[in-house]
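Read through the structure below, which is laid out as structure tokens, and then see the notes.
This is a predicted model, so every value here is computed, not measured. Values reported hereafter were calculated over all heavy atoms of this structure, with side chains retained and with hydrogens, waters and symmetry mates removed. One-based numbering, in listed order, for ligands and for the atoms of each.
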Amino acid sequence: MVSELSDFAKGFQAPRNSKITGVYGSQRFYNGKASTPHYGVDYRGKVGAPVKAPAGGIVTMWVPDMFFSGGTLIIDHGFGVNSTFLHLSKAHVKVGQRIEKGQLIAAVGKSGRVNAPHLDWRINWFNVRIDPLLVLKLQPL
Ligand SMILES: [Zn+2]
């Protein structure tokens, strides 16, 4: 089911204002072998550092302990546009909750398969992955 929230049309802001340490589409290597490209944007942060909603929406998923992505939160911004936040240590919101752009939603962590704490933010439009840094450049109409 697709929600008719229009939050995505009001523009996005970065979920953290810390340094970006990983960009969308970069190839990663494990033990000399190329693995799947990275489909998120990584922001520096210590465990517990704030994560803010890049746009308003409804919280549709919170799982504290997924194998690869650790604490994983998903926000529906409407018409198939979703944000996913990975490796979180904590969520400050509940599934089904309405949240506004800029609201504190979660805390950075190092849960899942990561070496160091950071925030990994991803955007999907239905099944299509989108570079969040491109979305940040879009201005509301
Ligand atoms: Zn990442």
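Residues Val93 and Leu104 form no side-chain contact, since every pair of their non-hydrogen atoms from C-beta on lies 4.5 Å or further apart. With a 4.5 Å cut-off on side-chain heavy atoms, Thr84 and Arg129 do not count as touching.
The minimum distance between the Zn ion (ligand 1) and any N, O or S atom of Asp42 involves atom OD1.
Among the atoms of His87, no N, O or S atom falls under 2.8 Å of the Zn ion (ligand 1).
Classification of the His118-His87 ring pair by plane angle, with boundaries at 30° and 60°, yields tilted.
Take the Zn ion (ligand 1) as the corner point: the lines to OD2 of Asp120 and to NE2 of His38 open at 100°, to the nearest 10 degrees.
A salt bridge is defined here as a Lys NZ or Arg NE, NH1 or NH2 lying under 4.0 Å from an Asp or Glu carboxylate O, and Asp131 with Lys137 fails to meet this definition.
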